[in-house]
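The structure appears below as structure tokens.
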Amino acid sequence: MSAHRFEMIPSAPFDFERMTKRLQGVSHEMFRYEDGALVRTLRIADKVYLVGMRSTGNAEEPSLDIQVNAEHEIKPSDLEEVEARLRTMLTADVDLKSFYAHLEGDPVLSKVTADHYGLRFILEADLFECMTKTIIGQQVNLTFASTLNRRLVEAASKPLEINGTLYPVFPSAQEVAALTYEQLREQQFSQRKAEYVIDFARSVAEGTLDLETLRLKEDEDIINQLVKIRGIGRWTVECFLLFGMGRPNLLPAADIGLRNAIRKNYGLDVQPGEPFVREMGASWSPWCSYVTFYLWESLNQKTNVSTII
DNA sequence: GGCCAGGCTAGCA
DNA sequence: TGCTAGCATGGC
């Protein structure tokens with residue numbers, strides 16, 4: 001057992017409270033709150049850590065106090081890897097000021113960004129976890145998807161014990177690959193969902209599919225490659241690119257939430273169609289993902305409905 | 001009780 | 001190539 005802590009400085013603006021507020025709305029299967037710190041386990045190169053993040057700054061001068069615990073000895077190189085992973089997850093190095101500057105000529109979107117100043121994506125912890133959760137989230141409501149996620153975690157992996165408390169660890173591809181369809185059927189997965197999740201994990205575990213090398217490819221190339229896999233469609237890959245890889249310029253023009261948000265913010269009488277969204281989105285490039293994210297958030301302003309994370 | 005939920009596949013015309 | 005039933009369950 002070992003414990004370390006360090007300070008992490010994201011680029012400004014960075015509003016940690018605003019970012020994590022979205023996680024508090026629903027019972028999340030991976031994140032917890034402990035004494036104001038956002039806590040979850042991370043798997044990095046076959047080592048598992050418990051990481052706690054607490055804000056000690058503000059949006060203009062952001063600073064995070066990071067606490068790291070593990071059952072194994074933590075080396076300085078491990079801490080560097082943890083910080084690198086957290087910076088990616090928290091999109092801490094994205095140049096939000098350029099994004100805001102890009103929208104200066106658009107009064108509607110400028111107001112939306114001002115209302116959510118300092119908001120950044122919190123990405124999924126890794127690509128395998130992201131794709132697995134997205135497949136599980138297909139078609140079913142978010143509450144049920146969360147239940148299925150939790151059951152998958154409980155069925156496939158051992159929790160991490162720190163100071164007498166058990167923390168769920170998202171299973172590795174190998175652990176999910178070792179499950180049988182029947183095991184997930186018992187957890188109320190449909191036959192198809194069980195097959196999609198396990199077959200995907202097996203292709204990753206066997207090395208047929210290398211998720212990390214996908215990072216070298218363009219969005220459209222990744223979409224074309226992954227939709228060939230049974231159980232993975234365009235929507236699923238777009239979620240993967242957004243919440244797994246943090247690609248900044250994705251426009252999910254068919255998304256109902258995005259279309260509703262455009263209708264609301266621009267005061268349109270009817271929900272705009274996909275071609276209209278593409279037309280509008282042309283001027284958002286190279287920040288389409290961020291405009292989409294902020295528009296989604298503008299829908300949640302009153303209802304506080306959580307989105308995928 | 002019926003309909004929908006941030007889809008996708010398989011089967012059919 | 002394009003359309004649609006079926007999937008499984010929870011929430012409203």
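Since the structure is predicted, the reported quantities are computational estimates derived from the model, not experimental observations. Chain identifiers are assigned alphabetically (A, B, ...) following the order of the sequence lines, protein sequences preceding nucleic acid strands; residue numbering begins at 1 within each chain.
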Requested in this report: Between A/Q138 and A/N141, name the one whose nearest nucleotide on DNA chain B is closer to the 5' end.
Outcome: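 Result of the comparison: A/N141.
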Query raised in the report: By side-chain contact (heavy atoms from CB on, under 4.5 Å), which residues pair with A/A37, not counting sequence neighbours?
Result: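 By the side-chain contact (heavy atoms from CB on, under 4.5 Å) rule, A/A37 matches A/V39, A/R54.
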Report task. Not counting sequence neighbours, which residues clear side-chain contact (heavy atoms from CB on, under 4.5 Å) with A/N265? List them please. Result ->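 A/N265 satisfies side-chain contact (heavy atoms from CB on, under 4.5 Å) with A/V108, A/V112, A/A261, A/L295, A/S298 once adjacent residues are dropped.
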Query - Donor-acceptor under 3.5 Å (A/R202 side chain, A/V176 main chain) - result: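 Absent.
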Query raised in the report: Can you tell me which stems DNA chain C forms when a stem means 3 or more consecutive Watson-Crick or G-U pairs under 3.5 Å?
Result: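 Consecutive-pair runs (3 or more) involving DNA chain C: B:2-5 with C:9-12, B:7-13 with C:1-7.
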Would you mind reading off the distance between [X] atom [atom1] and [N] atom [atom2], rounded to a whole angstrom?
X	N	atom1	atom2	answer
A/E238	B/dC8	CD	C1'	14 Å
A/R259	B/dG6	CZ	P	14 Å
A/F240	B/dG6	CZ	C1'	18 Å
A/R234	B/dT9	CZ	P	14 Å
A/L226	B/dG7	CG	P	18 Å

Query raised in the report: Contact boundaries of DNA chain C with chain A (under 4.0 Å, heavy atoms), 5' to 3'?
Result: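 So the contact region on DNA chain C extends C/dG6 to C/dG11.
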At under 4.0 Å between heavy atoms, what does [X] touch on the DNA or RNA strands: base, sugar-phosphate, or nothing?
X	answer
A/T236	sugar-phosphate
A/I135	nothing
A/L242	nothing

Query raised in the report: Under a 4.0 Å heavy-atom cut-off, which of residues 187-197 of chain A touch DNA chain B?
Result: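 Per residue number, the list reads A/R192, A/Y196.
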Query raised in the report: Same hydrophobic cluster for A/L64 and A/I9, using side-chain heavy-atom links shorter than 4.5 Å among ILVMFWY?
Result: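 In one cluster: no.
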Query raised in the report: Under a 4.5 Å side-chain heavy-atom rule over Ile, Leu, Val, Met, Phe, Trp and Tyr, are A/V94 and A/F121 clustered together?
Result: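 The answer is yes; both residues are in one hydrophobic cluster.
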Report task. Could you say whether A/V140 or A/T143 is positioned toward the 5' end of DNA chain C, judged by the nucleotide with the nearest heavy atom to each? Result ->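 The residue mapped nearer the 5' terminus is A/V140.
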Query raised in the report: Would A/R85 and A/E81 satisfy salt bridge (charged side-chain N to carboxylate O under 4.0 Å, His left out), going step by step from the backbone distance to the final call?
Result: CA-CA 6 Å; A/R85 176 67 62 88; A/E81 288 186 330; over 6 Å; no
Requested in this report: Sticking with atom C1', work out how far B/dC3 lies from C/dG6, rounded to a whole angstrom.
Outcome: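 The same atom, C1', in both gives a distance of 16 Å.
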Requested in this report: Return the minimal non-hydrogen interatomic distance between A/S289 and A/R247, and the atom names on each side.
Outcome: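 Residues A/S289 and A/R247, closest heavy atoms: OG-O, 2.6 Å.
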Query raised in the report: Angle class for the A/Y294/A/H116 ring planes (parallel below 30°, perpendicular above 60°, tilted otherwise)?
Result: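 Aromatic pair A/Y294/A/H116 classed perpendicular.
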Query raised in the report: Using 30° and 60° as the class limits, which term best fits the ring planes of A/Y290 and A/W287: parallel, tilted or perpendicular?
Result: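 Aromatic pair A/Y290/A/W287 classed perpendicular.
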Report task. Taking the six-membered ring for Trp and the single ring otherwise, decide whether the centroids of A/W296 and A/F293 are under 6.0 Å apart. Result ->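 Between A/F293 and A/W296, which both carry aromatic rings, the centre distance is not below 6.0 Å.
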Query - Partner set under side chain to side chain donor-acceptor pair (under 3.5 Å) for A/D199, not counting sequence neighbours - result: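 Residues passing side chain to side chain donor-acceptor pair (under 3.5 Å) with A/D199: A/Y181.
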